[in-house]
Amino acid sequence: MRYFCQDHPETLTLETRVVDARPGRVRLAEHPFYPGGGGQLPDRGALSWSGGAAGITGFAVEDGAMWLELASAVVLDGAVECAVDPEFRRLMRALHTDLHIVNAVVYRAFDGALVTGVQMNADGTARIDFDLTGTDNDRLRALEGAINDAIRQDLPVRTAYMELAEAEAEPGLLRSRSVAPPPTEDGKIRVVEIAGLDRQACGGTHAPSTGYSPPLRILKIENKGKHNRRLRVGLDGF
Ligand SMILES: [Zn+2]
């Protein structure tokens, strides 16, 4: 599924229309929300119509169609306006982009270490797990400088689509198997590139450049099993 927000992450309000409705649930012709996935939390936001408004409480895919769940049992019809919570989206875009930087820096420093899991939190922290065996945690902790250098350099972030076979042939591109997005219906993979630093398949919303984010701190490093090293990171003063 290709989301509107992947191509237009800056568009936070959108006028659209209802194509199907049930009490407290609605399908829209288009919407600007990120529904969650790949470790990124779903957008927060609201829907308004002539005579009312309701918060979005969730997203559900049914028979390939995306339903928005509302904090009201209303049955909607006609024109509606979507509004994404701007601060929450900004936080997710910054944090998500920073996790690509962390991933790239660890991948380089530790000989192609793969990501095994990612989860971002609403408080500006996140965890990212790497398949690393017998690693000195001080070496990991020391990467904070390189991570923040990449943020300070304000490197451009770009998105492109490429053929699945081509993506599979490029070493390191499908890096995090647990979080890689499925191909689009026409067999394409979405690739997010941080200029000069990183290229990887991803379906989330990212910053326009790395300097969009405040500095990132490594808060904690935990050993989660023999092959799993967990980094807890947090935005510094978002
Ligand atoms: Zn991403």
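Sequential numbering from 1 along the given sequence is applied to the chain's residues. It should be emphasised that the depicted structure is a prediction, and the values quoted were computed from it without experimental measurement.
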In this structure, CZ of Arg230 is separated from CG of Leu132 (nearest 0.5 Å) by 13.5 Å
Correct closest heavy-atom pair for Arg25 and Ala60 would be NH2-CB, 3.2 Å
Here the pair of heavy atoms bringing Pro214 nearest to Gly237 is CB-O, 4.2 Å
| query | Out of curiosity, does Tyr212 fall in the hydrophobic cluster containing Leu197 (side-chain heavy atoms, cut-off under 4.5 Å, transitive links)? | reply | no
(Q) Please check: side-chain N/O of Asp123 versus main-chain N/O of Thr125, any donor-acceptor pairing under 3.5 Å? (A) yes
**Flag side-chain contact, heavy atom, 4.5 Å: Phe59 against Leu68** = yes
Scanning both residues in full, the closest heavy-atom pair of Thr116 with Phe130 reads OG1-N, 4.0 Å
NE2 of His227 to CG of Leu114, rounded to nearest 0.5 Å, is 13.0 Å
### Pair Gln200-Tyr107, side chain to side chain contact (heavy atoms under 4.5 Å, CB included): steps then yes or no
CA-CA 12 Å; Gln200 62 175 289; Tyr107 185 80; over 6 Å; no
Item checked: Pair Glu222 + Arg229, salt bridge at N-O below 4.0 Å -> no
Check for a donor-acceptor pair, side chain of Arg2 on one end and backbone N or O of Arg190 on the other, with a separation under 3.5 Å.
no
Quiz item: Is Val192 reachable from Val118 through a run of I, L, V, M, F, W or Y residues, each pair having side-chain heavy atoms under 4.5 Å apart?
Solution: yes
Q. So, Asn148 side chain and Glu144 main chain: donor-acceptor pair closer than 3.5 Å or not?
A. yes
Margin query: For Ala54, is there any backbone N or O sitting under 3.5 Å from a side-chain donor or acceptor partner on Ser72?
Written below: no
Value for CZ (Phe88) from CG (Leu12), rounded to nearest 0.5 Å, stands at 13.0 Å
Between Ala109 and Arg139, the two heavy atoms sitting closest are O-NH2, 3.1 Å
- Task: Check whether more than 12 heavy atoms from other residues, nucleotides or ligands sit under 6.0 Å from atom CD of Glu185, and answer yes or no.
- Result: no
Fit a plane to each ring of His100 and His206, take the angle between them on a 0 to 90° scale, and name the class: parallel (under 30°), tilted (30 to 60°) or perpendicular (over 60°).
perpendicular
Check your understanding: Can you find a pair of side-chain heavy atoms, one from Phe110 and one from Leu143, that are under 4.5 Å apart?
Key -> yes
query = Quick one: do Lys188 and Glu166 make a salt bridge, cutoff under 4.0 Å?
reply = no
Query raised in the report: Does Leu76 belong to the same Ile/Leu/Val/Met/Phe/Trp/Tyr cluster as Met66, with side-chain heavy atoms less than 4.5 Å apart forming each link?
Result: yes
Same apolar cluster (I L V M F W Y, side chains within < 4.5 Å links), Leu174/Tyr161 | no
(Q) Same cluster or not: Val80 versus Val74, using hydrophobic residues (I, L, V, M, F, W, Y) connected whenever any side-chain heavy atoms lie under 4.5 Å apart? (A) yes
- Can any side-chain N or O of Thr210 pair as donor or acceptor with the backbone N or O of Ala150 at less than 3.5 Å? yes
Side-chain touch Tyr34/Gln40, heavy atoms, less than 4.5 angstrom: yes
Test side chain to side chain contact (heavy atoms under 4.5 Å, CB included), reference Met120, set Ile128, Asp98, Leu95, output is Leu95
Are the side chains of Asn137 and Asn223 in contact, using a 4.5 Å heavy-atom criterion? yes
Distance col, row Thr205:OG1 vs Glu10:CD, nearest 0.5 angstrom, shows 10.0 Å
Checklist entry - Is there a donor-acceptor contact under 3.5 Å linking the side chains of Thr159 and Gln6? => result no
Do Met162 and Leu173 make a side-chain contact, defined as non-hydrogen atoms from C-beta onward lying under 4.5 Å apart? yes
What one should report as the nearest heavy-atom pair of Leu70 and Leu47 is CD2-CD2, 3.8 Å
Query - Pairwise side-chain contact, Leu140 with Thr135, heavy-atom cut-off 4.5 Å (strictly under) - result: yes
In terms of heavy-atom contacts, Glu30 and Cys82 come closest through O-SG, 4.4 Å
Can you find a heavy atom in the side chain of Ile56 that is under 4.5 Å from one in the side chain of Asp43?
no
key: Heavy-atom check, side chain of Val18 versus side chain of Leu28, under 4.5 Å   = yes
Between the CZ atom in Arg27 and the CZ atom in Arg17, the distance rounded to the nearest 0.5 Å is 10.0 Å
Would you kindly say whether Asp154 and Ser209 are connected by a side-chain donor-acceptor distance under 3.5 Å? yes
The reported gap from CG in Leu216 to CG in Leu235 (rounded to nearest 0.5 angstrom) is 6.0 Å
Does Asp111, at its CG atom, have more than 12 non-hydrogen atoms belonging to other residues, nucleotides or ligands within less than 6.0 Å?
no
Problem - Residues, nucleotides or ligands: over 12 heavy atoms within 6.0 Å of Asp77 CG - result: no
